[in-house]
Amino acid sequence: MPKTENHPVKSGDHVFLVDGSSYIFRAYHALPPLTRKSDGLPIGAVHGFCQMLWKLLRDAEENGDADKPTHLAVIFDYSAKTFRNEIYDQYKAHRPEPPEDLRPQFGLIREAVKAFNVPGIELEGYEADDLIATYARQAADKGATVTIVASDKDLMQVVGDHIEMMDPMKERRIGPAEVEEKFGVGPEHVVDVQALAGDSVDNIPGVPGIGVKTAAQLILEYGDLESLLQRAEEIKQPKRRQNLIEHADNARISRRLAELKSDVPVETDLGELSVRAPEPERLIAFCKGMEFTTITKRVADATGVDAAKVEPAEVPFKYWPPEGGEGGEPKADRPAKTKVAEKTEDQRQAAVQPAGGPGSPSAAVEAGAAAARCVPIDSSAYEMVTTLDVLDAWIAEAMTAGVVAVDTETTSLDAMQAELVGVSLATGPGRACYIPLGHRASEGLDFGDDRPEQIEMSEALKRLKVLLENPGTLKIAQNLKYDWLIFIRHGIDVAPFDDTMLLSYALDAGRGGNGMDELSRRWLDHEPIKYADVAGTGRNKVTFDLVPIDRATEYAGEDADVTYRIWQVLKPRLAAEHLATVYETLERPMVPVLARMERRGITIDRAMLSRLSGDFAQAAAALEAEIHDLAGESFNVGSPKQLGDILFGKMGLPGAKKTKTGAWTTGASVLEDLAAEGHELPRKVLDWRQLSKLRSTYTDALPGYVNPETGRVHTSYALAATTTGRLSSSEPNLQNIPVRTEEGRRIRKAFVAEKGMKLVSADYSQIELRVLAHIADTPQLKQAFDDGLDIHAMTASEMFGVPVKGMDPMIRRRAKAINFGIIYGISAFGLANQLSIPRQEAADYIKRYFERFPGIRDYMEDTKAFARAHGYVTTIFGRRCNYPNITKGHPSERAFMERAAINAPIQGSAADIIRRAMIRMEDELRKARVKAEMLLQVHDELIFEVPEDTVDDAIPVIVRVMQEAPLPAVSLKVPLQVDARAADNWDEAH
DNA sequence: CCTGCCCCATA
DNA sequence: GTATGGGGCAGGA
């Protein structure tokens, strides 16, 4: 045992208290599992713990006196039962047993603490948190500074002027300000908030319906828990008042459970925690015994001790793996392969190109489906490729076959940030391999640890490039845009290709998802290995480079195999179902176009957004105060539930409606109506909502998407997400950047061109109404568009017989609503809602509209009938939008699908038109020798970045390509109008 | 930590 | 009345 020393704590000392227990769990869950190489003893948490402790000691050393610990201890929980169980027997009752491979590590960590020559403290009947609170209090009272190394939020109540927390994983310091950020109240009121909100992890009951946000509001208003409970009668919201009264005792018990004891009768005196002289040999012996090579080296380097001369310590636990369990040996039931094995006869048969052979399309469909299923899917049958010879053999095989399925494994879902980890290939059903390239040993913590045996990445890619760019080899991938982005970063431009996701989308949009797992289930009756099964989930999740290579081979090989088979099933269907043109002209060519747009990204002005965020926050705070004033109480304006209680419960305002779950409706239209009646509060809530929406969704979120390497924001476009053919944009969604309000447009101004460049925005004017005029062949609409008239005014004039000149804006507004309603598959109910008029009045408008535009009524009826008869509708370019359940389900659901079916050809044709423009755009710009780059698409708008001096050359090309996009496939009966403008930012260009 | 709900930004 | 994606809140694993 180390000699006990006692240096009483005095002013200016710095006491470090490490929460051992929470750290064990944290290290266990956050870090990849790790076992001792020689005998499989699980040591991941011990390893993480030692790294943290060593770093803590070294940092303190290097940071000099201010941060140097004079006293240091690691505090543990003693056992599960504590004094809190006497207060409440259910306390922590639902906590599961620790995982099997964590249990032996509790003892090991105590050994580790001894090896560091640091005191380890625990006491029966108390939790580590209580001991920490006690020591912290004692030290602070003596004028010392205290740092609590812990991540447990329960300890935040201890934070104060001289007591701060430090999160060992996030390396973040937590002072009173951070506590307030988390709990909405200062450290002194954390327990009150916890008492109200409860804690499901610790099984602290709290008060139902009250979360942290609400609890903080209440405590801020009433001061503390006891005052709140005594004045609970004053609470205005009936439900909450009742809960607070009924569960008052629960809240009091919860407070006692949450409150940490700062007067524990500790057995070890605070002074005994004084930092002791290190004993490097002992620490090195322990680390060597645990086989922590990196830490051993670090300790040896830092202390000047020769590690080779230190004998490894005997570490007491040896019982792993458990009896009867498997050893650590990788499975060795497959002979190592030195060359590519011969194909089986089945594989040879099945690898025929499904669409290439003779015979009718339907015969090809059957042949493809049969071929895809004739070899069973066996994930253990894939070959791991670790030599150049084997790789070359696979590449040769793929070249000979002429078709190869390809899939990449990477470290991230974000293709702009992902690092390549491996590539899998399939040359036929069941005939797949995996080429690991960037795997690391799962003991990735030990930097520089040996890399598993793999082909060197650049060498492998040099050879794969030949295959992937070979014009004679068709590459098949599922969602190729992702892999394309990965490969292009390595200088590989994949072509030619097929994309199974897009095949499925062209064939079956609206019939279900187009993800690989779903396609595998649908077409192969096969459930693929889940990503979570190889990489773990939640806290245990690791990036793919840490997945063991044999497991990765099963997973990645299966992906390529399944992709190949799905292609065999779907590709022949294209011709048979007359969707080959759609796929080849509207889907497949979009992949490189969108990939390049995503890769370019767009610059945002972060300073501008940051200023805006501040402005919005300030304005919202002022509004919030006024709202609370008007309400006569403080509440969470962001909670529709609480707002509803105030408006319709407390204030008893009219127009109360309930949603289907029984909550008050507080949507914008309801608040607008109330505001129109002269109520002040709803108007302010609307303004508040606008500001907080703009702040949380845009000014605060967007800077987080700036790619650190490019300094730009790269959205991701989904090609197969909608039923109509529209794209969608996510992470971030750049298709919903505000534009309607002045405040919102300030956000749009933050999307800027680079220096010396301009942003050009080009958008189709009224494209959907023009498409409608074409499809429904409506003479008045066609004429109006030909003459360049105001289409909504013309509609109003037709309907109500008033001249366009000097028209009442209200009349025009109604006509505009009707025009939009038509596109959306109008109903009297919806139109009435939109215009806030009686349903009968809306029905009259619609009737009148159809009298004036009978062709449109015919279109709507014909479309519905077609959809019911066939289960789908088509756009003018032949894209198919499926509504398989349009004849099933409840009448209201059917009506919904009918409206969608009416809308789909209009929305979808417009989507097709802009797709065609996008596909041609790059070539046309190149031919015109204009350096414009297409950055964004927002359904009817394209945004380009153009060198300032070529703007005037670029705009005519852009406009022409967009206007002529339907040609030659379709000659629209109305002209397309495109407006384009250049400016320094998106707002002014739009 | 994930899910459903409500609300809201765009075309 | 169409098509999306996403944030905050509250509840339950």
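Protein chains get the first letters and strands the later ones, always in sequence-line order, with residue 1 at the start of each.
When distances are taken from the side chain of Pro738(A) to each of dG6(C), dA9(B), dA10(C), the shortest belongs to dA9(B). Among the nucleotides dG7(C), dC6(B), dG6(C), the one closest to the side chain of Lys693(A) is dG6(C).
Across all strands shown, Ala910(A) has no heavy atoms under 4.0 Å from either base or sugar-phosphate atoms. In this structure, Asn736(A) reaches the bases: a heavy-atom distance under 4.0 Å links it to at least one base atom across the strands shown. Counting any heavy atom pair closer than 4.0 Å across all strands shown, Ser692(A) reaches no nucleic acid atom. Among the atoms of the strands shown, base atoms are found under 4.0 Å from some heavy atom of Arg740(A).
For DNA chain B, none of the residues of residues 823-842 of chain A falls under the heavy-atom distance limit of 4.0 Å. Of all the residues in residues 890-909 of chain A, Phe896(A), Arg899(A), Ala900(A), Asn903(A), Gln907(A) reach under 4.0 Å from DNA chain C with at least one non-hydrogen atom.
Between atom OH of residue Tyr705(A) and atom CD of residue Glu731(A) there is a gap of 5.5 Å, rounded to the nearest 0.5 Å.
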Within the sub-3.5 Å range, which N or O atoms of nucleotides 1-4 of chain B have a protein N or O partner, and how far apart are they?
residue: dC1(B); atom: OP1; partner: Arg539(A); partner atom: NH1; Å: 3.4

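In terms of phosphate contacts, Arg726(A) brings no side-chain nitrogen or oxygen within less than 4.0 Å of OP1 or OP2 of dA11(B). Taking only side-chain nitrogens and oxygens, Gln642(A) comes nearer than 4.0 Å to OP1 or OP2 of dA10(C). The phosphate of dA3(C) has neither OP1 nor OP2 within less than 4.0 Å of any side-chain N or O from Thr723(A).
A donor-acceptor pair under 3.5 Å is absent between the side-chain atoms of Ser730(A) and the main chain of Asn733(A), judged by distance alone.
Remark: Arg880(A) qualifies as a cation-pi partner of Tyr872(A) under the 6.0 Å distance and 45° angle criteria applied to the six-membered ring.
With hydrogens and angles ignored, no donor-acceptor pair closer than 3.5 Å exists between the side chain of Lys213(A) and the base of dC9(C).
In this structure, Asp199(A) places its CG atom 13 Å from C1' of dG12(C), rounding to the nearest Å.
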